[in-house]
Amino acid sequence: MAKEKTQAAQGADKPLKAAAGKSTAKAEAPAKSGKSMMGYAKAAQEFFEQSKVELKKVTWPTRQETVKTGVAVLVFSVIMAIYLGVVDMALSRLVAFILS
């Protein structure tokens, strides 16, 4: 059963890839001229189908990588906030000293 679905899914990809090159030119022509709403609908459908295929190729980060990156961003943000706070306070005191 699962093998049938896999074969069906693979079969579904082949016409999509083969048709992608051909139908792009056809779908863009009505979309550019603005003559047909069906052209927009077909172009949007093709865009989403191609986006779905491209999203399947994406290598998503693991949870551990995501946590490590998030912690690095958080630590860097805190360091930059402290640095900018110190610089702001120093410049404020310098301006206050000059104006007094």
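Only heavy atoms go into these numbers, but all of them, side chains included; no hydrogens, no water, no symmetry mates. Given the structure is predicted, the values throughout are model-derived calculations rather than measurements.
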Quiz item: NZ of Lys42 to CD of Glu49: how many Å apart, nearest 0.5 Å?
Solution: 10.0 Å
Practice problem: Drop me the distance from Met38's CE to Gln45's CD, to the nearest 0.5 angstrom. | Solution: 8.5 Å
Exercise. Tell me yes or no: between the side chains of Glu46 and Gln50, is some donor less than 3.5 Å from an acceptor?
Key: yes
Practice problem: Measure the OG1-NZ distance between Thr62 and Lys68 for me, rounded to the nearest 0.5 Å. | Solution: 8.0 Å
Quiz prompt | Option among Lys52, Lys57, Lys56 that satisfies the side-chain contact (heavy atoms from CB on, under 4.5 Å) test with Glu54 | solution = Lys57
Exercise. With sequence neighbours left out, write down each residue that passes salt bridge (charged side-chain N to carboxylate O under 4.0 Å, His left out) with Glu65, or none if nothing qualifies.
Key: none
Self-check item: Atom pair CD1/CZ of Ile98 and Arg93 - distance to nearest 0.5 Å
Solution: 14.5 Å
With a 3.5 Å cut-off and sequence neighbours excluded, list the donor-acceptor pairs that the side chains of residues 71-84 form with protein atoms.
from	atom 1	to	atom 2	distance (Å)
Ser77	OG	Val73	O	2.8

